[in-house]
Amino acid sequence: MKKVYYLKTCNTCMRILKGLNLSADFILQDIKNEPITVKQLEEMKALSGSYEALFSKRAKLYKEMDLKHQDLSERDYKHYILEHYTFLSRPVFIIDNHIFIGNSKKTVEAVKSYLMALN
């Protein structure tokens, strides 16, 4: 499977996607227009090891809801990610059985390296 969960309105996501020049066999899912399902999130969790790894602590809502002062469990992270797309750290790339989460330079370089190794 080759899939990217992203946000079309996020300039960073769009810049990363443009820079990677992905092949046509990638499925792109704009999580605002097509929310992630429980099954999709559980698949991401299976690859990443935890819901917390998928959770964005940089989201505006995270600060607004004062979540950093709460002791969040895995169940809480799952709930918030499903409740609002902004809580998913994005973009999320799933390539075969590998997952790459977020927009850090290190993550984007890892995606590039993995894609080059495939070719």
Side-chain angles (χ1 to χ4, degrees):
M1 172 168 58
K2 293 181 178 177
K3 187 155 190 170
V4 182
Y5 297 93
Y6 77 108
L7 200 52
K8 193 165 50 176
T9 56
C10 171
N11 292 335
T12 304
C13 285
M14 297 312 293
R15 178 179 45 78
I16 291 168
L17 289 176
K18 190 175 181 182
L20 290 173
N21 197 21
L22 300 174
S23 60
D25 55 347
F26 270 87
I27 299 165
L28 301 179
Q29 181 172 334
D30 178 4
I31 59 173
K32 186 174 183 178
N33 293 328
E34 188 185 340
I36 54 174
T37 65
V38 172
K39 185 174 185 265
Q40 288 172 329
L41 185 58
E42 287 171 351
E43 287 170 355
M44 286 187 257
K45 190 246 186 196
L47 292 171
S48 68
S50 72
Y51 291 113
E52 184 176 8
L54 297 160
F55 189 85
S56 173
K57 293 182 178 169
R58 292 177 25 196
K60 209 162 128 185
L61 268 181
Y62 181 73
K63 292 171 183 79
E64 287 174 10
M65 295 170 72
D66 200 32
L67 295 177
K68 74 176 177 182
H69 293 107
Q70 295 179 32
D71 190 18
L72 299 177
S73 66
E74 278 293 287
R75 189 178 192 172
D76 295 326
Y77 289 121
K78 179 180 181 182
H79 165 78
Y80 285 120
I81 292 169
L82 289 171
E83 184 179 274
H84 202 280
Y85 63 85
T86 196
F87 287 118
L88 181 68
S89 190
R90 55 195 184 270
V92 175
F93 292 86
I94 298 177
I95 307 167
D96 305 322
N97 286 323
H98 293 75
I99 189 165
F100 304 90
I101 305 162
N103 56 29
S104 72
K105 196 170 189 170
K106 184 179 171 185
T107 300
V108 175
E109 288 304 317
V111 172
K112 281 182 187 173
S113 296
Y114 191 80
L115 288 173
M116 286 173 60
L118 290 177
N119 295 334

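Index from 1, following the sequence. As the structure is a prediction and not an experimental result, all values here were calculated from the model.
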inquiry  = Can a donor-acceptor pair be found, under 3.5 Å and without considering hydrogens, that links the side chain of Gln29 to the backbone of Val4?
reply    =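 A pair under 3.5 Å: no.
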task = Please check if the side chain of Asp96 supplies one atom and the backbone of His98 the other of a donor-acceptor pair under 3.5 Å.
result = no
Pairs under 3.5 angstrom only: tabulate donor-acceptor contacts from the side chains of residues 6-26 to other protein residues two or more places apart or in another chain.
residue: Ser23; atom: OG; partner: Asp25; partner atom: OD1; Å: 2.2
residue: Asp25; atom: OD2; partner: Lys2; partner atom: NZ; Å: 3.1

query = CG of Leu118 to CD1 of Ile95: how many Å apart, nearest 0.5 Å?
reply =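 Between Leu118 CG and Ile95 CD1, I get 6.5 Å after rounding to 0.5 Å.
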ask   = Can you tell me how far CD of Glu52 sits from CG of Asp76, rounded to the nearest 0.5 angstrom?
value =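 Between Asp76 CG and Glu52 CD, I get 11.0 Å after rounding to 0.5 Å.
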request  = Take Gln70 and Met65 through the test side-chain contact (heavy atoms from CB on, under 4.5 Å) and record every step on the way to the result.
outcome  = CA-CA 10 Å; Gln70 295 179 32; Met65 295 170 72; 5.8 Å; no
task = State which residues pass salt bridge (charged side-chain N to carboxylate O under 4.0 Å, His left out) with Glu43; sequence neighbours excluded, sorted by chain then number.
result = Lys39
Can you give me the closest heavy-atom contact between [X] and [Y], atom names plus distance?
X: Thr86; Y: Ser56; result: O-CB, 4.0 Å
X: Gln40; Y: Lys3; result: NE2-NZ, 3.2 Å
X: Ser104; Y: Thr107; result: OG-OG1, 2.8 Å

key: Test item: side-chain donor near acceptor, Asp66 and His69, under 3.5 Å   = yes
inquiry  = Before we go on, tell me: are the rings of Phe100 and Tyr114 under 6.0 Å apart, centre to centre?
reply    =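 So the answer is yes for these two rings.
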request  = Measure from NZ or CZ of Lys45 to the centre of the six-membered ring of Tyr51, then state whether that distance is under 6.0 Å and the direction lies within 45° of the axis.
outcome  =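 Yes, cation above the ring, under 6.0 Å and within 45°.
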